[in-house]
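Heavy-atom basis, side chains included; hydrogens, waters and symmetry copies ignored. Please read all numbers here as calculations on a predicted model, not as lab measurements. All residue numbers in this chain count up from 1 along the given sequence.
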Amino acid sequence: MTPGMVEWETLLWVFFGVVMAVVVLGGIGAVGYMRKENGRYTAEARRWAVLAQTGQPAEAVVSNVRMHPNNMTRGGSRGQTVCALVLDVAYTDAAGAAHSASIPTFVEDALVPQFLTPQRVVHLRYDPSDPASVAIDRTRTPLELPRAD
């Protein structure tokens, strides 16, 4: 081998190493971003699990529906596709005080048009000690279609 070939081989290996490092770091960053975004939208489901037992019921009017900026979707609880939405709602608590909230959640793609209906009423559960802590009442406003047994 000539000395010039060794230099080119070394340069190619360095280039390959740099490209692979960028690919690996980009993949790690993408996974981190997806986990963070998914956690933001699944937090409402975890809050619902608590508020279903302890929260106060309320009816809310949807004032705006926003889709995730990257149209994030994932598999639902039964394999269907669910879409990441943010529901901006206004509701009145048991004491008569008006509140507004933005609720990031996952909604089955087949049900998304129902939430786009102007002035759509949804059912909530909220924490009386923290009215900003709200979740969709899934027993009265389903976010997924029921499946046949």
Side-chain angles (χ1 to χ4, degrees), residues 1-55 58-91 99-149:
M1 253 194 230
T2 64
M5 287 184 71
V6 173
E7 288 177 21
W8 277 108
E9 186 177 339
T10 303
L11 286 175
L12 286 173
W13 278 109
V14 168
F15 177 75
F16 176 73
V18 169
V19 168
M20 289 309 297
V22 168
V23 167
V24 167
L25 292 175
I28 290 170
V31 168
Y33 170 78
M34 288 184 285
R35 289 189 66 184
K36 182 184 92 167
E37 287 297 297
N38 191 47
R40 189 173 150 231
Y41 286 84
T42 56
E44 187 269 342
R46 291 189 300 274
R47 194 174 319 113
W48 157 248
V50 173
L51 293 176
Q53 306 300 319
T54 62
E59 287 189 353
V61 175
V62 177
S63 59
N64 190 28
V65 177
R66 294 174 281 142
M67 295 196 74
H68 188 272
N70 297 324
N71 293 327
M72 182 169 69
T73 62
R74 68 175 177 91
S77 62
R78 295 175 191 91
Q80 75 280 27
T81 301
V82 293
C83 303
L85 299 179
V86 177
L87 304 174
D88 295 327
V89 298
Y91 72 98
H99 300 278
S100 62
S102 292
I103 306 170
T105 191
F106 283 105
V107 177
E108 186 169 349
D109 59 352
L111 294 177
V112 169
Q114 291 183 13
F115 289 93
L116 299 175
T117 305
Q119 302 299 305
R120 164 86 156 105
V121 173
V122 295
H123 300 89
L124 304 177
R125 288 284 188 161
Y126 69 93
D127 183 347
S129 63
D130 181 15
S133 178
V134 297
I136 302 292
D137 185 343
R138 286 157 169 74
T139 58
R140 299 180 64 201
T141 303
L143 301 179
E144 295 182 8
L145 290 170
R147 300 296 184 242
D149 291 328

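Judged as a ring-ring contact (aromatic ring centres under 6.0 Å, His included), the pairs with a partner in residues 13-47 (not counting sequence neighbours) are, in order, Trp13-Phe16, Tyr41-His68, Tyr41-Phe106.
Residues Pro104 and Glu44 come closest through the heavy atom pair O-CB, 3.2 Å. Residues Pro142 and Leu111 approach most closely at O-CD1, 3.7 Å, considering heavy atoms. Residues Tyr91 and Ala132 approach most closely at OH-N, 4.2 Å, considering heavy atoms. Between Val89 and Val62, the shortest heavy-atom contact is CG1-CG2, 4.0 Å.
Considering only residues two or more places apart in sequence or on other chains, His123 meets the ring-ring contact (aromatic ring centres under 6.0 Å, His included) condition with none of them. Under the rule for a side-chain contact (heavy atoms from CB on, under 4.5 Å), Ser100 has no partner lying at least two apart in sequence or in another chain.
One N or O on the side chain of Arg125 and one on the backbone of Gly55 form a donor-acceptor pair closer than 3.5 Å. Judged purely by atom type and a 3.5 angstrom limit, Glu144 has no side-chain atom pairing as donor or acceptor with the backbone of Glu108. A side-chain donor-acceptor contact under 3.5 Å links Asp137 to the backbone of Thr139. Side-chain atoms of Arg138 do not come within 3.5 Å of backbone N or O of Leu143 as any donor-acceptor pair.
Just one of Thr105, Ile136, Val122 meets the side-chain contact (heavy atoms from CB on, under 4.5 Å) condition when paired with Phe115; it is Val122.
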Practice item. For side-chain contact (heavy atoms from CB on, under 4.5 Å), just list the numbers for Met67 and Thr73, CA-CA rounded to whole Å, side-chain angles, deciding distance to a tenth of an Å, and then say yes or no. Key: CA-CA 10 Å; Met67 295 196 74; Thr73 62; over 6 Å; no
Practice item. Could you walk me through whether Arg47 and Ser133 pass the side-chain contact (heavy atoms from CB on, under 4.5 Å) test, one step at a time? Key: CA-CA 8 Å; Arg47 194 174 319 113; Ser133 178; 3.2 Å; yes
Exercise for review: Step by step, work out the side-chain contact (heavy atoms from CB on, under 4.5 Å) result for Val82 and Asp109.
Suggested key: CA-CA 5 Å; Val82 293; Asp109 59 352; over 6 Å; no
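Between Asp127 and Leu51, some side-chain heavy-atom pair lies under the 4.5 Å cut-off. Here the side chains of Val107 and Cys83 are not in contact, with every heavy-atom distance at 4.5 Å or above.
Taken to the nearest 0.5 Å, the CG atom of Leu11 stands 7.0 Å off from the CD atom of Glu7. From Ser102, atom OG reaches atom CG of Leu87 across 9.0 Å, with rounding to the nearest 0.5 Å. To the nearest 0.5 Å, atoms CZ (Arg120) and CD (Gln114) are separated by 5.5 Å. Leu85 contributes atom CG, which lies 7.5 Å from atom CG of Leu116 (distance to the nearest 0.5 angstrom).
Judged purely by distance below 3.5 Å, without hydrogens or angles, the side chains of Asp88 and Ser63 never pair a donor atom with an acceptor atom.
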